[in-house]
Amino acid sequence: MGLDFTADVPDNLLPAWVAGWSACRGYTAAEEAGHPAIVLSDKTGDWEFFAYEPGDEEFAELARNTIASPKRIFTVLTRETERFKALAPQHGLRVHHSDQSMMVTNMSDQDAEDPWYRDPEFKTEIDRDGNVHRARVMFGDEEAAHGVMAVVDGFAIFDHIETNENFRRRGLATHIMRALAASAFEHIVEMGLLIASHDGRMLYQHLGWDTVCDVMILKPTDAA
């Protein structure tokens with residue numbers, strides 16, 4: 001898309017990711033205080049709020065909404081983690097964890113051909129439900145790896161890429177990513193998005209993904 005993500009982050013990136021991630025997990029995306037939000041219906045049953053580089057007033061308002069219930073979560077995407085680590089306790093919040101990253105890729109750099117896995121005993125299956133595609137690799141009756149991808153407004157959002165511990169170090173996570181990327185081209189897609197753990201970043205970098213920013217999970221100070 002010709003964007004330099006070291007400097008230029010489109011305004012619709014966060015809403016698109018929240019909408020796609022919600023679709024992947026069966027949540028319904030909404031908006032609270034002018035920011036994307038969801039209800040974690042299968043976990044806390046309460047709100048999670050999202051913001052990219054919020055200003056001090058925005059942060060304070062979202063923090064007030066968050067501390068209204070100990071079950072609420074405030075997720076901040078930022079390149080200024082130290083700033084928000086300092087702000088959080090001033091507003092009744094604590095850092096739950098900050099070891100994830102938002103990553104992006106230009107989908108034109110991804111392979112549109114269905115990938116081939118070297119061992120024919122492993123079978124790849126793709127289930128499609130509208131804009132949500134679920135991939136899994138089966139070894140006989142056992143699921144070896146799985147992942148999910150949703151397309152929203154030209155973004156392909158990848159989520160839940162996991163390998164069964166009995167099948168790790170076989171390249172299955174890479175295979176799942178490539179299978180989902182290929183299936184994404186059944187829709188109009190320009191950009192891929194995902195949230196990566198510290199351990200997952202190396203895999204995605206190998207596949208041509210770049211880091212946009214850090215992801216901080218904040219909770220009320222008195223939350224479990």
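We're numbering straight along the sequence, starting at 1.
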Should we say atom CG of Asp129 is surrounded by more than 12 heavy atoms from elsewhere, each under 6.0 Å from it?
no
Set of side-chain hydrogen bond (donor to acceptor under 3.5 Å, both in side chains) partners for Thr105, sequence neighbours left out
Gln110
Which residue pairs satisfy the salt bridge (charged side-chain N to carboxylate O under 4.0 Å, His left out) criterion with at least one member in residues 51-60, sequence neighbours excluded?
Asp56-Arg83
Any side-chain to backbone donor/acceptor pair from Ser69 onto Lys71? Under 3.5 Å, distance only.
yes
Least distance between heavy atoms, Ile161 atom then Gly147 atom
CD1-CA, 3.7 Å
Looking at Arg128, I want to see if its CZ is surrounded by more than 12 non-hydrogen atoms of other residues, nucleotides or ligands under 6.0 Å.
yes
For residues 20-47, pull every pair meeting salt bridge (charged side-chain N to carboxylate O under 4.0 Å, His left out), keeping only residues two or more places apart or in separate chains.
Arg25-Asp159, Asp46-Arg72
Taking ring-ring contact (aromatic ring centres under 6.0 Å, His included) as the test, write out the residues that go with Phe185, two or more places apart.
none
Are Met103 and Val215 linked, directly or through intermediate hydrophobic residues, by side-chain heavy-atom contacts shorter than 4.5 Å (ILVMFWY only)?
no
Using the ring-ring contact (aromatic ring centres under 6.0 Å, His included) definition, which of the options Trp209, Trp17, Tyr204 pairs with Phe158?
Trp209
With a 3.5 Å cut-off and no angle check, do the side chains of Ser108 and Asn106 form a donor-acceptor pair?
yes
Set of residues satisfying side-chain hydrogen bond (donor to acceptor under 3.5 Å, both in side chains) with respect to Glu61, sequence neighbours excluded
none
Looking at Ile126 and Ser183, what are the two nearest heavy atoms and their distance?
CG2-CB, 4.4 Å
Kindly indicate, with the supporting measurements, whether the criterion side-chain contact (heavy atoms from CB on, under 4.5 Å) is fulfilled by Ser22 and Ile38.
CA-CA 8 Å; Ser22 300; Ile38 59 170; 3.1 Å; yes
For Leu194, run the side chain to side chain contact (heavy atoms under 4.5 Å, CB included) check against Met177, His160, Met102 and tell me which one passes.
Met177
Assess whether side-chain contact (heavy atoms from CB on, under 4.5 Å) is satisfied between Val104 and Met191, documenting all intermediate values.
CA-CA 7 Å; Val104 64; Met191 187 185 306; 3.3 Å; yes
Among the clusters formed by ILVMFWY side chains lying less than 4.5 Å apart, do Leu207 and Leu193 turn up in the same one?
no
For the hydrophobic clusters of this structure (ILVMFWY residues joined by side-chain heavy atoms under 4.5 Å, transitively), does one cluster hold both Ile73 and Trp21?
yes
Remaining members of hydrophobic cluster (4.5 Å side-chain criterion), Phe59:
Val39, Trp47, Phe49, Leu62, Ile67, Phe74, Val76, Phe84, Leu87, Leu93, Val95, Met216, Leu218
Hey, what's the ring geometry for Phe122 with Phe167, parallel, tilted or perpendicular (30° and 60° as the breaks)?
perpendicular
Drop me the distance from Trp116's CH2 to Thr124's OG1, to the nearest 0.5 angstrom.
11.5 Å
Give me each pair satisfying salt bridge (charged side-chain N to carboxylate O under 4.0 Å, His left out) with a member in residues 132-148, each pair once, sequence neighbours excluded.
Glu125-Arg136
Quick one: pull up CZ in Phe139 and CG in Leu172 and give me the separation to the nearest 0.5 Å.
10.5 Å
Would you please name every residue forming a ring-ring contact (aromatic ring centres under 6.0 Å, His included) with His175, sequence neighbours left out?
Tyr117
side-chain contact (heavy atoms from CB on, under 4.5 Å), that's the test. Do Met107 and Glu190 meet it? Break it down for me.
CA-CA 5 Å; Met107 289 298 291; Glu190 296 180 319; 5.9 Å; no
For His35 and Ala51, the nearest pair of non-hydrogen atoms, with its separation, is ND1-CB, 3.8 Å
Nearest heavy-atom contact between Ser101 and Thr211 is CB-CG2, 4.0 Å
Report, as yes or no, whether the 6.0 Å neighbourhood of atom CG on Asp153 holds more than 12 heavy atoms from other residues, nucleotides or ligands.
no
Is Thr221 reaching over with its side chain to a backbone N or O of Gly92, donor-acceptor style, under 3.5 angstrom?
yes
Which residues pass the ring-ring contact (aromatic ring centres under 6.0 Å, His included) test with His198, sequence neighbours left out?
none
Can you tell me how far apart CD (Glu48) and NZ (Lys219) are? Round to the nearest 0.5 Å.
9.5 Å
Nearest-0.5 Å distance, CD1 of residue Ile217 to CG of residue Asp99
9.0 Å
Measure the spacing between CG of Asn164 and CZ of Arg170 and express it to the nearest 0.5 Å.
10.0 Å
Is Ile157 reachable from Tyr27 through a run of hydrophobic residues whose side-chain heavy atoms are each under 4.5 Å from the next?
yes
Those residues at least two apart in sequence (or on a different chain) that pass ring-ring contact (aromatic ring centres under 6.0 Å, His included) with His187 are His133
Who passes side-chain hydrogen bond (donor to acceptor under 3.5 Å, both in side chains) against Gln100, sequence neighbours left out?
none
Taking Leu77 as the fixed residue, which of Leu14, Asp214, Val212 is the one that meets the side chain to side chain contact (heavy atoms under 4.5 Å, CB included) rule?
Leu14
Smallest heavy-atom separation, Val148 atom then Cys24 atom, equals CG1-CB, 3.7 Å
Once side-chain hydrogen bond (donor to acceptor under 3.5 Å, both in side chains) is applied, do any residues pair with Thr174, and if so which ones, sequence neighbours excluded?
none
Please walk me through it: do Glu82 and Glu80 pass side-chain contact (heavy atoms from CB on, under 4.5 Å)?
CA-CA 6 Å; Glu82 294 306 315; Glu80 299 181 277; over 6 Å; no
Heavy-atom nearest pair, Ala156 first then Val189, reads CB-CG1, 4.2 Å
